[in-house]
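Whatever order the structure lists ligands and atoms in, that order sets their numbers, starting from 1. Position 1 is the first residue of the sequence, and the numbers go up from there.
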Amino acid sequence: MEILGIDIGGSGIKGAVVETTTGELVTERVRIKTPQPSTPEAVADTIKALVETIGYQGPMACGFPARVINGTVLTAANIDKSWVNVHVESLLKEKLGNEIFVANDADVAGIAEMTFGAGCGEKGKVLIVTIGTGIGTAMFFNGELLPNFEMGHIILNGDDAERYCSDAAREKLDLKWKEWGKRFNEYLNRIDFLVQPDLFILGGGASKKFEKFKEQLHLENARVIPAKTLNLAGIIGAAVYCERRLNNEATH
Ligand code: BGC
């Protein structure tokens, strides 16, 4: 099926139509800056502009950078605080006049990576970690998603982990990849201690630089590999998620 997938990020809102059987994009990827402040109205208007630019009609889905349960946004670490308790699916449906499903951004990126990327065919516990403005995590067990697994906010050295070792933290503190890699290694080891995944797949912006920090990562048992779908994961995963929701194969 050809479905529009949308990825809402802290700096950009991106979308493209995806063929869900192959994960390939069938239209150009369009990117519009995330409005500031990123209030519900402003973001909904931007999504409308994106859908019109692509010229798409039909059901669609988007990855959203917060915990989303039953279509309602429950947290707001890196978006405007006024999103908390907004029923984002109804808001967007009203604005766009089309069916639109919304899930956590790391969860949909994880779906893309497990379906078409580095996680394809991987069994056991797989944790996808997206490293960007925030840290997103998506946990899969034998290929099944456990939604809203928010491990970007564990406490590390007395602070929220994403303030300690997200890509935004690296930029803000002007850390060299080696220094940042050491911090990120602490983070992965802490998660390893808590939930012991068999495999970590690193996605998001920083994953493109995997070669620059992989030497700093030392885990006793788990493997750590970079994602393959890179910055398209959110778009591809959203389209696949939409198809699953249409077929009643996905929970919120
Ligand atoms: C949010 C997560 C999100 C991640 C990546 C975190 O701050 O709490 O829900 O997946 O950022 O955007």
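Looking at R183 and Y187, their side chains never bring a donor and an acceptor atom within 3.5 Å of each other. Judged by distance alone, the side chains of N70 and T72 never bring a donor and an acceptor atom under 3.5 Å apart.
Ligand-side atoms of ligand 1 in range of G136: 4 (C), 5 (C), 10 (O), range being under 4.0 angstrom from any heavy atom. Those atoms of ligand 1 with a heavy atom of R67 less than 4.0 angstrom away are 9 (O). Here is the list of ligand 1 atoms found below 4.0 Å of a heavy atom in A77: 7 (O). Which parts of ligand 1 touch N78 is read off a 4.0 Å heavy-atom cut-off, strictly below it: atoms 7 (O), 11 (O).
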Begin with the C-alpha distance, continue with both residues' side-chain angles, and end with the deciding distance and a verdict on salt bridge (charged side-chain N to carboxylate O under 4.0 Å, His left out) for E186 and R190. CA-CA 6 Å; E186 282 177 60; R190 184 73 193 142; over 6 Å; no

Applying side chain to side chain contact (heavy atoms under 4.5 Å, CB included), run through I111 and R244 and close with a yes or a no. CA-CA 11 Å; I111 289 174; R244 291 187 185 173; 3.8 Å; yes

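Distance check, rounded to the nearest 0.5 Å: CG of D167 to OG1 of T133 gives 8.0 Å.
Ring orientation note: the planes of Y241 and F101 are nearly perpendicular, at an angle over 60° on the 30°/60° scale.
Of the protein's non-hydrogen atoms, E150 OE2, 2.5 Å is the one closest to atom 9 (O) of ligand 1. For atom 8 (O) of ligand 1, the closest heavy atom belonging to the protein is H153 NE2, 2.7 Å. If you check which protein heavy atom lies closest to atom 6 (C) of ligand 1, you get E162 OE1, 3.3 Å. Ranking the protein heavy atoms by distance from atom 3 (C) of ligand 1 puts D105 OD1, 3.3 Å first.
Ligand 1 is never approached by G152 to a heavy-atom distance shorter than 4.0 Å. For the ligand labelled ligand 1, residue T137 lies outside the 4.0 Å heavy-atom shell.
Contact annotation: for A66 versus ligand 1, heavy atoms closer than 4.0 Å belong to the backbone alone.
Considering backbone and side-chain atoms together, N104 places an N or O closer than 3.5 Å to an N or O of ligand 1.
Remark: side-chain polar atoms of K81 are paired, donor with acceptor, to backbone N or O of A76 under 3.5 angstrom.
In summary, E41 and K95 engage in a salt bridge, as defined by a charged side-chain N under 4.0 Å from a carboxylate O.
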